[in-house]
Amino acid sequence: MVVATYNAAGLRARLPGVLDWLAENEPDVLGIQETKVVDDIFPMAEFEELGYSVVVNGQKSWNGVALLARGPITSLRRGFQDDLFPEDARIITGEVNGVTIINTYVPNGTALGTDKFEYKLRWLERFAKYLGDNFRPDQPLIWMGDINIAPTDNDVFDPKRHWGKVGFHPDEISRLEKIVNWGLVDLFRMHTEGPGNYTYWEFTIPGSVQRNLGWRIDHIYATKPVAEACIRSWIDKDARSAERPSDHTYVLAKIDI
DNA sequence: ATGGTTGAATGTCAA
């Protein structure tokens, strides 16, 4: 099966492009982040007409995640499902074809020294606990989404300039490493080394796409049983140049199961 | 360089 992740930065603005992309690429699973739409008016029917099951965890104006799959989505969980943590719409979990899929929109962090940066760190710690409490590293599991962290020098343009800034800060990276060390493999990095492979190019930098001034902050991770079956993972950079694009693009992985 | 652009909502925040 082919799984994909996409930060839409407002799904209603992106809807025609996402529908075209789905029809062309036909992934079995798509995790969408930053849908920015409440569940009542989520464009369910448009995706269902393409043959997808749709589950959503949305809120007004900000955040919001959705999970699409060809075939049924079972064992649905919205949020962390407890009262231990502030509940905004950043995580949705479902099971597709025997594989647990967790789709997350990790907090951006905004700026060092702010409550939002501390929230990002706490959210990552909460996610580590969610994994450990609910799942095992020997079961088939995929964690995908906008992780909002560049893990290494190769994952951001001009790493010397950006080191220690939001998105490339040691406190974020250490928390991500703790999550990954639970038993996950970065599927893109399993197949491709080196700099210049990005998933996000800022709107506010003129010519960022053409100059490839980007970040690899959208990731697909998997437990060993899935990673061993992953035969390819790639970034669809062309979609970042489509009409009315998001500032992110699609990341995909093909898994031989 | 503390700007720049975009979406959701329609003033202004978040990214």
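Note on naming: letters A, B, ... go to the chains in the order of the sequence lines (proteins, then strands), and numbering restarts at 1 for each one.
- Scanning for side-chain contact (heavy atoms from CB on, under 4.5 Å) contacts around A:Pro159 gives A:Asp153, A:Val156, A:Phe168, with sequence neighbours left out.
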Set out, line by line, the N/O atom pairs under 3.5 Å between protein and nucleotides 12-14 of chain B.
{"from": "B:dA14", "atom 1": "O4'", "to": "A:Trp62", "atom 2": "NE1", "distance (Å)": "3.4"}

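- Residue pairs meeting the salt bridge (charged side-chain N to carboxylate O under 4.0 Å, His left out) criterion with at least one partner in residues 189-215 of chain A, sequence neighbours excluded, are A:Asp155-A:Arg189.
- A:Asp40 places its CG atom 17 Å from the P atom of B:dA8, with the value rounded to the nearest Å.
- With hydrophobic clusters built from ILVMFWY side chains whose heavy atoms lie under 4.5 angstrom apart, A:Ile101 shares a cluster with A:Met190.
- In this entry the distance linking CD of A:Gln33 with C1' of B:dA8 reads 18 Å, nearest Å.
- Residues meeting the side-chain contact (heavy atoms from CB on, under 4.5 Å) test with A:Lys178, sequence neighbours left out: none.
- Between A:Glu34 atom CD and B:dT5 atom C1' the separation is 14 Å, expressed in whole Å.
- In this entry the distance linking CD of A:Gln210 with P of B:dT5 reads 15 Å, nearest Å.
- In this structure the side chain of A:Leu22 reaches within 4.5 angstrom of the side chain of A:Leu68, judged on heavy atoms.
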Identify each donor-acceptor pair in which a side-chain atom of residues 37-52 of chain A lies under 3.5 Å from a protein atom, sequence neighbours left out, and give them as a table.
{"from": "A:Asp39", "atom 1": "OD1", "to": "A:Gly58", "atom 2": "N", "distance (Å)": "2.8"}
{"from": "A:Tyr52", "atom 1": "OH", "to": "A:Pro27", "atom 2": "O", "distance (Å)": "2.6"}
{"from": "A:Tyr52", "atom 1": "OH", "to": "A:Arg70", "atom 2": "NE", "distance (Å)": "3.4"}

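- Ranked by how close their nearest DNA chain B nucleotide is to the 5' end, A:Asn148 and A:Val37 are led by A:Val37.
- If A:Pro107 and A:Pro245 are placed on DNA chain B by their nearest nucleotide, the residue sitting closer to the 5' end is A:Pro245.
- Rounding to whole angstrom units, CG of residue A:Asp146 and C1' of B:dT6 are separated by 15 Å.
- Taking atom C1' in both B:dT6 and B:dT10, the straight-line distance is 15 Å, to the nearest Å.
- Every pair passing salt bridge (charged side-chain N to carboxylate O under 4.0 Å, His left out) that includes a residue from residues 131-148 of chain A is listed here, sequence neighbours excluded: A:Lys129-A:Asp133, A:Arg136-A:Asp138.
- Applying the side-chain contact (heavy atoms from CB on, under 4.5 Å) test to A:Pro245 and every residue at least two apart in sequence or in another chain returns A:Arg240.
- Taking atom C1' in both B:dA14 and B:dT2, the straight-line distance is 16 Å, to the nearest Å.
- A:Leu213 places its CG atom 15 Å from the C1' atom of B:dT5, with the value rounded to the nearest Å.
- Atom pair A:Glu202:CD and B:dT2:P shows a separation of 15 Å (rounding to whole Å applied).
- With sequence neighbours left out, the side-chain hydrogen bond (donor to acceptor under 3.5 Å, both in side chains) criterion links A:Asn181 to no other residue.
- If you check residues 4-21 of chain A against DNA chain B, the residues with a heavy atom closer than 4.0 Å are A:Ala9, A:Gly10, A:Leu11, A:Arg12, A:Ala13, A:Arg14, listed by number.
- Phosphate contact (OP1/OP2 of B:dT6, side-chain N/O of A:Arg244, threshold under 4.0 Å): absent.
- B:dG3 and B:dA15 have their C1' atoms separated by 15 Å, with the value rounded to a whole Å.
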